[in-house]
Chemist: 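Got a structure for you, written out below as structure tokens; questions coming shortly.
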Amino acid sequence: MADLDALRARFARTLLDARDRASGPDPSPYADDLLARWQEPQRHYHTLTHLTAVLDHIDVLAGYAADTGAVRLAAWFHDAVYLPDRSENEERSARLAERALAEAGVPRARTDEVARLVRLTVTHDPADDDRDGQVLCDADLAILAAPPAAYAAYTAAVREEYHFVPSDLFRSGRAAILRQLLDLPRLFRTPYGQENWAATARRNLTAELEMLSP
């Protein structure tokens, strides 16, 4: 069960640190809106548990980022809009970040960086010199390197989010996503991710792909 008070305080610290001035709107309404979004009933994997895990992984990878504050804000917004039957969730999440962060007093350049990072989670394929993108994408994909039981729970939760998709169509769509990930030149881009997560993630993805094959 997520600790809402702890998450609320975590967001407030991140937002206050991201501002270029001491005064500004109270962070609480922004935190509450995001927390409500992450608890919507259609979510089974993209929940507060996932958000917390991504934030925790960013803490581990923070030393590789150029702007850790922007990466943390991007984590909060990267699945803030999530409807499994829609294809533009990342774009709508990025636009939400642009509106909310500008109103909350975050400088334009950092707001733009947050929105860029959110959009990057469509492909999870950051450039070689994109340190912020590498940290966010690695943190978001770290679940792929989970132990077998946790990985199985992750795949079951994803299937539940797409319960309305017939089994054969889900298998083919999921398989295409797995192949796209396996085809990336490097699944993880930070040195930590490459060393600690890459091999396990590839084993998990390959095993799941084999299970999805007819």
Side-chain angles (χ1 to χ4, degrees), residues 1-124 126 130-143 161:
M1 195 71 173
D3 185 333
L4 294 181
D5 288 338
L7 281 169
R8 193 176 288 108
R10 200 168 183 173
F11 176 80
R13 288 194 301 271
T14 301
L15 181 61
L16 292 172
D17 288 344
R19 290 175 178 167
D20 61 356
R21 59 183 188 271
S23 61
D26 180 0
S28 297
Y30 300 96
D32 289 342
D33 177 70
L34 287 166
L35 291 171
R37 289 174 179 275
W38 283 91
Q39 295 178 87
E40 291 165 340
Q42 76 275 15
R43 297 169 181 261
H44 299 278
Y45 169 65
H46 294 89
T47 63
L48 290 176
T49 300
H50 171 60
L51 170 62
T52 303
V54 173
L55 292 170
D56 289 346
H57 287 126
I58 289 170
D59 288 345
V60 172
L61 303 173
Y64 300 112
D67 185 347
T68 310
V71 178
R72 289 193 175 106
L73 285 172
W76 277 93
F77 282 95
H78 82 287
D79 284 318
V81 177
Y82 186 74
L83 295 171
D85 60 342
R86 304 287 289 272
S87 62
E88 69 276 15
N89 290 313
E90 291 87 358
E91 179 60 30
R92 293 177 66 198
S93 295
R95 291 178 183 177
L96 175 66
E98 289 168 338
R99 294 192 303 271
L101 294 177
E103 181 183 288
V106 176
R108 175 65 182 271
R110 181 168 275 166
T111 295
D112 289 347
E113 173 67 354
V114 171
R116 182 189 73 81
L117 291 169
V118 172
R119 292 184 173 102
L120 185 60
T121 62
V122 174
T123 61
H124 292 96
D130 183 2
R131 292 166 55 191
D132 293 340
Q134 291 171 3
V135 169
L136 179 64
C137 289
D138 278 17
D140 195 27
L141 294 180
I143 183 62
E161 286 185 340

Chemist: Are side-chain heavy atoms of Glu91 and Val81 found at a separation under 4.5 Å?
Modeler: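 Side chain of Glu91 against side chain of Val81, heavy atoms only: no contact under 4.5 Å found.
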
Chemist: Can you check whether Arg19 reaches Pro25 side chain to side chain, under 4.5 Å on heavy atoms?
Modeler: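 A side-chain contact exists here, since the closest heavy-atom pair is under 4.5 Å.
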
Chemist: Considering all heavy atoms of both residues, which atom of Thr47 and which atom of Trp38 are nearest to each other, and what is their separation?
Modeler: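 Distance-wise, the nearest heavy atoms are O-CE3, 3.3 Å.
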
Chemist: Are side-chain heavy atoms of Arg8 and Leu35 found at a separation under 4.5 Å?
Modeler: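 Sidechains of Leu35 and Arg8: in contact.
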
Chemist: Can you confirm whether Leu83 sits close enough to Arg92 that some side-chain heavy atom of one is under 4.5 Å from a side-chain heavy atom of the other?
Modeler: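 Yes, at least one pair of side-chain atoms sits under 4.5 Å.
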
Chemist: My understanding is that only residues two or more places apart in sequence, or in another chain, count here; which of them pass ring pair (Phe, Tyr, Trp, His ring centres under 6.0 Å) with His57?
Modeler: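 Listed in chain order: Trp197.
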
Chemist: May I ask you to test the His78-Leu117 pair for a side-chain heavy-atom distance under 4.5 Å?
Modeler: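 No; the side chains remain at least 4.5 Å from each other.
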
Chemist: Using every non-hydrogen atom in the two residues, find where Glu90 and Val118 come nearest and quote the distance to one decimal.
Modeler: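 Distance-wise, the nearest heavy atoms are O-CG1, 3.5 Å.
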
Chemist: Could you pull out the closest heavy-atom pair between Ala94 and Ala115, with the gap in Å?
Modeler: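 Shortest heavy-atom contact: CB-O, 3.7 Å.
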
Chemist: Any chance you could measure Leu101, atom CG, to Leu96, atom CG, to the nearest 0.5 Å?
Modeler: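 Answer for the CG-CG pair, Leu101 versus Leu96, is 8.0 Å.
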
Chemist: Hey, which of Arg110, Arg108, Arg119 is the one that makes salt bridge (charged side-chain N to carboxylate O under 4.0 Å, His left out) with Glu98?
Modeler: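 Among Arg110, Arg108, Arg119, the one meeting salt bridge (charged side-chain N to carboxylate O under 4.0 Å, His left out) with Glu98 is Arg119.
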
Chemist: Grab the two heavy atoms, one from Ala102 and one from Thr111, that are nearest each other, plus how far apart they are.
Modeler: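 Heavy-atom minimum between the residues: N-OG1, 4.1 Å.
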
Chemist: Would a 4.5 Å heavy-atom cut-off, applied to side chains only, mark Leu7 and Leu55 as touching?
Modeler: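 A side-chain contact exists here, since the closest heavy-atom pair is under 4.5 Å.
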
Chemist: Going through the distances and angles, do Arg37 and Asp33 end up as a salt bridge (charged side-chain N to carboxylate O under 4.0 Å, His left out)?
Modeler: CA-CA 6 Å; Arg37 289 174 179 275; Asp33 177 70; 3.0 Å; yes

Chemist: Under a 3.5 Å distance rule, please check whether Asp132 uses its side chain to pair with a backbone N or O of Ala66 as donor and acceptor.
Modeler: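 Here the side-chain-to-backbone pair exists.
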
Chemist: Could you list the residues that satisfy ring pair (Phe, Tyr, Trp, His ring centres under 6.0 Å) with Tyr82, not counting sequence neighbours?
Modeler: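 Counting only residues at least two positions away or on another chain, Tyr82 forms a ring pair (Phe, Tyr, Trp, His ring centres under 6.0 Å) with His46.
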
Chemist: How close do Ala65 and Val135 get, heavy atom to heavy atom, and via which atoms?
Modeler: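 Distance-wise, the nearest heavy atoms are N-CG2, 3.8 Å.
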
Chemist: Quick one: are Gln39 and Leu4 in side-chain contact, heavy atoms under 4.5 Å?
Modeler: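 Yes, at least one pair of side-chain atoms sits under 4.5 Å.
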
Chemist: Looking at side-chain heavy atoms only, is the closest gap between Phe11 and Leu73 below 4.5 Å?
Modeler: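 Contact flag for Phe11/Leu73 side chains = yes.
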
Chemist: Apply side chain to side chain contact (heavy atoms under 4.5 Å, CB included) to the pair Arg131 and Val71, showing each step before the final yes or no.
Modeler: CA-CA 10 Å; Arg131 292 166 55 191; Val71 178; over 6 Å; no

Chemist: To the nearest 0.5 Å, tell me how far Ile143 CD1 sits from Tyr45 OH.
Modeler: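 Ile143 CD1 to Tyr45 OH: 4.5 Å, rounded to 0.5 Å.
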
Chemist: Exactly one of Leu51, Asp56, Ile58 should register a side chain to side chain contact (heavy atoms under 4.5 Å, CB included) with Val54. Which one does?
Modeler: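 Looking at Leu51, Asp56, Ile58, the match for Val54 under the side chain to side chain contact (heavy atoms under 4.5 Å, CB included) is Ile58.
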
Chemist: Tell me, yes or no, whether the heavy-atom count around Arg95 atom CZ, taken from other residues, nucleotides or ligands under 6.0 Å, exceeds 12.
Modeler: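 No - once you tally the heavy atoms of other residues, nucleotides and ligands closer than 6.0 Å, there are 12 at most.
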
Chemist: Of the non-hydrogen atoms in Leu120 and Gly133, which two are nearest, and what is the gap between them?
Modeler: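 Looking at all heavy atoms of both residues, the closest pair is CD2-CA, 3.5 Å.
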
Chemist: Check for a donor-acceptor pair, side chain of Glu161 on one end and backbone N or O of His44 on the other, with a separation under 3.5 Å.
Modeler: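 Between the backbone of His44 and the side chain of Glu161 there is a qualifying donor-acceptor contact (under 3.5 Å).
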
Chemist: Checking His124 now: which residues fulfil side-chain contact (heavy atoms from CB on, under 4.5 Å) with it, not counting sequence neighbours?
Modeler: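 Result, side-chain contact (heavy atoms from CB on, under 4.5 Å) vs His124: Thr121, Cys137, Asp140, Leu141.
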
